[in-house]
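Inspection log for the structure reproduced underneath, given as structure tokens.
Quick note: residue numbers are just sequence positions, from 1. Hydrogens, waters and symmetry mates are skipped; everything else that's a heavy atom, side chains included, is used.
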Amino acid sequence: MNLELHKLNDLTGCSIVITGGTGVLGRVITEALVGCGANVAVLARDREKATDLLSKMSGPGKAIVVTGDVLQKETLERAAEVVTSEFGRLDCLINGAGGNHPRATTGPELSFFDIPEEALRFVFDLNLQGTILPSQVFGKRMTEQGEGAILNISSMSAFRPLTRVLSYSAAKAAVNSFTQWLAVHLAQEYSPRIRVNAIAPGFFLTEQNRFLLTSKETGELTARGRSIIDHTPMRRFGEPEDLLSTVFWLLSPASSFVTGVVVPVDGGFSAFGGV
């Protein structure tokens, strides 16, 4: 039984493409996958940054950098050719690219009524189109194989829209809907062995939000950061490593009967009603 359970959770030799692999969360996921024997292709516009990242990793798995832009389908097609040439097949896709934009965030100097259209479109495109387009390109390779797993990175703001970040919250809610739609579509139209799921991280300190949630000068929590901690039963921000067991489960054969779900990894934030 122990050997069987080990095989169910084993990603050794699996070929995985990750977008957003140079971000705080994506970097830790990539490093863990390589360390556990998976072959990982990091899709990146900034090849130098990604190459520097991979040079610091070690493990039995193999890691390569593939040039591509999640909003430029032709670059994704070329990347897919490189990945299949290098690894022979594609087992998993992690759609980790996403983020917000300061000009799409309300505040004292920018009201909802004055948010520029281009900022709204940037956030919508990066988070939603940046998930759909890679799923089209790399998902098609999975349909040809008859199996595979796609993992989208959603957000807690998809369930409970956060104040100020209207575009980001709306886009991530759309990612949740797309996850469910694609799971059904691929299982019914192509193969029940192609699964699509998502994780919804709670609050993690990243390059984008660190100084929104903590003071740059003192490191103390800002009012927004304190509000988040007060509404997180586990009383802390997440660490990138907190995502790994859920990521591995949803990519591995251990979740072979799981598709179309969005799993919160949030320290209880989504379960807490405030009283």
Original post:
Charged N to carboxylate O under 4.0 angstrom, Glu117 versus Arg103?
Top reply: no
**OP:** Give the C-alpha distance, both sets of side-chain angles, the deciding distance and a yes or no for side-chain hydrogen bond (donor to acceptor under 3.5 Å, both in side chains) between Asn100 and Thr105.
**Re:** CA-CA 8 Å; Asn100 195 28; Thr105 303; 2.8 Å; yes
**OP:** Indicate yes or no: at least one non-hydrogen side-chain atom of Leu43 is less than 4.5 angstrom from one of Pro134.
**Re:** no
**OP:** Return yes when atom CZ of Arg224 has more than 12 non-hydrogen atoms of other residues, nucleotides or ligands closer than 6.0 Å, and no otherwise.
**Re:** yes
Original post:
Does the pair Glu81/Arg141 count as a salt bridge with the N-to-O cut at 4.0 Å?
Top reply: yes
Original post:
After noting the C-alpha distance and the side-chain angles of Arg27 and Thr22, does the key distance pass the side-chain contact (heavy atoms from CB on, under 4.5 Å) rule?
Top reply: CA-CA 5 Å; Arg27 182 166 64 245; Thr22 59; 5.8 Å; no
Original post:
Any sub-3.5 Å donor-acceptor pair from Gln145's side-chain atoms to Leu90's backbone N or O?
Top reply: yes
Original post:
Are Ser15 and Arg89 close enough that a side-chain donor and a side-chain acceptor fall under 3.5 Å?
Top reply: no
Original post:
Would you call Asn95 and Ser135 a side-chain contact if the rule is heavy atoms closer than 4.5 Å?
Top reply: yes
Subject >> Nearest non-hydrogen partners of Thr259 and Arg195, listed with the distance >> reply: OG1-CA, 3.5 Å
Original post:
How many angstroms lie between atom NZ of Lys140 and atom CD of Glu77, to the nearest 0.5 angstrom?
Top reply: 7.0 Å
**OP:** Compare all side-chain heavy atoms of Val42 with those of Thr30 and state whether any distance is below 4.5 angstrom.
**Re:** yes
Original post:
Can you list the steps and then say if Thr131 with Asn152 is a side-chain hydrogen bond (donor to acceptor under 3.5 Å, both in side chains)?
Top reply: CA-CA 7 Å; Thr131 297; Asn152 298 326; 5.0 Å; no
Subject >> Approximate separation, where rounding is to 0.5 Å, of Leu251 CG and Leu33 CG >> reply: 6.5 Å
Subject >> Thr179 and Asn176: side chain donor to acceptor below 3.5 Å >> reply: no
**OP:** For residues Gly267 and Pro233, report the shortest heavy-atom separation together with the two atoms involved.
**Re:** O-CD, 3.4 Å
**OP:** With rounding to the nearest 0.5 Å, note down the distance linking OG1 in Thr67 to CZ in Arg47.
**Re:** 4.0 Å
Original post:
If you round to the nearest 0.5 Å, how far is CG of Leu151 from CD1 of Ile29?
Top reply: 7.5 Å
Original post:
Does Asn197 use its side chain to pair, donor to acceptor, with the backbone of Val261 at less than 3.5 Å?
Top reply: yes
**OP:** Evaluate the side-chain proximity of Leu54 to Val40: yes if any heavy-atom separation is below 4.5 Å, no if none is.
**Re:** no
Original post:
Closest approach of Thr246 and Ile199, non-hydrogen atoms and distance?
Top reply: CG2-CG2, 3.7 Å
Original post:
What's the spacing between Ser154 OG and Phe159 CZ if we round to 0.5 Å?
Top reply: 6.0 Å
Subject >> side-chain contact (heavy atoms from CB on, under 4.5 Å) between Gln180 and Val184, intermediate numbers included >> reply: CA-CA 6 Å; Gln180 294 177 315; Val184 173; 5.9 Å; no
Subject >> Least distance between heavy atoms, Arg236 atom then Thr232 atom >> reply: O-CG2, 3.7 Å
Original post:
Step by step, would you call Asp230 with Ser227 a side-chain hydrogen bond (donor to acceptor under 3.5 Å, both in side chains)?
Top reply: CA-CA 5 Å; Asp230 288 344; Ser227 178; over 6 Å; no
Original post:
So if you build clusters from Ile, Leu, Val, Met, Phe, Trp, Tyr with side-chain heavy-atom gaps below 4.5 Å, do Val17 and Leu71 land together?
Top reply: yes
**OP:** Following the transitive rule for hydrophobic clusters with a side-chain heavy-atom cut-off under 4.5 Å over Ile, Leu, Val, Met, Phe, Trp and Tyr, establish whether Ile132 and Phe124 coincide in one cluster.
**Re:** no
Subject >> Lys172 (side chain) donor-acceptor with Ile153 (main chain) under 3.5 angstrom >> reply: yes
Original post:
For Ser169 and Pro161, which heavy atoms make the closest approach, and how far apart are they?
Top reply: OG-CA, 3.7 Å
**OP:** Determine the interplanar angle of the Phe122 and His101 rings, folded into 0 to 90°, and report it as parallel if under 30°, tilted if 30 to 60°, perpendicular if over 60°.
**Re:** perpendicular
Original post:
Where the side chain of Ser55 meets the backbone of Asp52, is there a donor-acceptor pair that is under 3.5 Å apart?
Top reply: yes
Original post:
Taking Asp125 for the side chain and Gln129 for the main chain, is one N or O donor matched with an acceptor at less than 3.5 Å?
Top reply: no
Original post:
Does Val247 belong to the same Ile/Leu/Val/Met/Phe/Trp/Tyr cluster as Ile16, with side-chain heavy atoms less than 4.5 Å apart forming each link?
Top reply: yes
**OP:** For Asp10 and Ser252, test the side chains for any donor-to-acceptor distance below 3.5 angstrom and give the result as yes or no.
**Re:** no
Original post:
Is the closest basic N to carboxylate O distance between Glu86 and Lys62 below 4.0 Å?
Top reply: yes
**OP:** Let me see the working for Leu243 and Phe204 under side-chain contact (heavy atoms from CB on, under 4.5 Å), right down to the final yes or no.
**Re:** CA-CA 10 Å; Leu243 298 174; Phe204 294 70; 3.6 Å; yes
Original post:
In the single-linkage hydrophobic clustering (I, L, V, M, F, W, Y; side-chain heavy atoms under 4.5 Å), do Leu250 and Val175 co-cluster?
Top reply: no
**OP:** Would you check if the side chain of Ser255 reaches a backbone N or O of Val258 as a donor-acceptor pair within less than 3.5 Å?
**Re:** no
Subject >> Closest contact, heavy atoms only, Met156 versus Phe203 >> reply: CG-CE1, 4.4 Å
**OP:** Evaluate the side-chain contact (heavy atoms from CB on, under 4.5 Å) criterion for residues Cys36 and Leu11: first the C-alpha distance (whole Å), next the side-chain angles of each, then the deciding distance (0.1 Å), finally the verdict.
**Re:** CA-CA 7 Å; Cys36 290; Leu11 292 175; 5.6 Å; no
Subject >> Separation between CZ of Arg78 and CD of Gln72, rounded to the nearest 0.5 Å >> reply: 9.0 Å
Original post:
Leu110 versus Thr106: any side-chain heavy-atom pair under 4.5 Å?
Top reply: no
**OP:** Report yes or no: does Ser155 contribute a side-chain atom to a donor-acceptor pair with the main-chain N or O of Ala158 at less than 3.5 Å?
**Re:** no
**OP:** Consider only side-chain heavy atoms of I, L, V, M, F, W and Y, link residues closer than 4.5 Å, and tell whether Val196 and Met142 are in one cluster.
**Re:** yes
Original post:
Heavy atoms, side chains only, cut-off 4.5 Å: are Ile228 and Phe237 in contact?
Top reply: yes
Subject >> Backbone N/O of Leu213 and side chain of Thr222: donor-acceptor pair under 3.5 Å >> reply: yes
Original post:
Short question: side chain of Thr19, backbone of Ala97 - any donor-acceptor pair under 3.5 Å?
Top reply: yes
Subject >> CD (Glu48) with more than 12 external heavy atoms under 6.0 Å >> reply: no
Original post:
Is the CZ atom of Arg160 crowded by more than 12 outside heavy atoms at less than 6.0 Å?
Top reply: yes
